[in-house]
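First the structure, in the form of structure tokens, and then the observations on it.
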Amino acid sequence: MRNRMISVLLQHAEANLVKHRLNVEVFLNNPTGVAEHSDYLETIQNELDKMAHWEDQIHVIEKWFGHGNEDNRKESYWTSADLEDRDER
């Protein structure tokens with residue numbers, strides 16, 4: 001059950017990260033496509049902030065709780081020393 005919950009948390013964060021990245025791509029490629037946004041740079045910055053939030057969440061989950069399902073294990077940017085420190089707690 002623990003691995004499934006971790007896996008779902010990671011999938012949720014990854015999906016949100018992709019969603020906000022796509023929003024940035026849309027704004028960069030067609031800023032006039034979103035008429036209610038007059039400050040394009042602020043809009044993009046808001047999306048980047050959201051991306052940073054979800055990316056941070058992914059890294060925290062991976063560092064402190066692992067990757068969830070072993071079948072979904074992927075490379076982490078955390079060093080082995082960081083992970084060993086987590087295991088000692």
So which residues get pulled into Val18's cluster when ILVMFWY side chains under 4.5 Å apart are joined, directly or through others? none
Return the CG to CZ distance between Leu48 and Phe27, rounded to the nearest 0.5 Å. 10.5 Å
Nearest 0.5 Å please: distance from the CG atom of Asp56 over to the CD1 atom of Ile61. 11.0 Å
Same hydrophobic cluster for Phe65 and Val8, using side-chain heavy-atom links shorter than 4.5 Å among ILVMFWY? no
Remaining members of Met5's ILVMFWY cluster at a side-chain heavy-atom cut-off under 4.5 Å? Met1
Please round to the nearest 0.5 Å and tell me the distance separating atom CG of Asn23 and atom CG of Asn46. 11.0 Å
Only counting residues at least two apart or in another chain, list the ones meeting side chain to side chain donor-acceptor pair (under 3.5 Å) with Asp49. Gln45
Distance col, row Ile6:CD1 vs Arg2:CZ, nearest 0.5 angstrom, shows 4.0 Å
Measuring only between side-chain heavy atoms, which start at C-beta, is Trp54 closer than 4.5 Å to Lys19? no
The reported gap from CE in Met51 to NE2 in His20 (rounded to nearest 0.5 angstrom) is 9.0 Å
Check whether Asn29 reaches the backbone of Glu25 with its side chain - one donor and one acceptor, N or O, closer than 3.5 Å. yes
Tightest non-hydrogen contact, residues Ile58 and Ala13, listed as CG1-CB, 3.5 Å
Just by distance, no angles: are the side chains of Gln11 and Ser7 close enough, under 3.5 Å, to form a donor-acceptor pair? yes
Any side-chain heavy atom of Leu22 within less than 4.5 Å of one from Val24? no
Rounded at 0.5 Å granularity, tell me how far CG in Asn16 sits from CD in Glu55. 13.0 Å
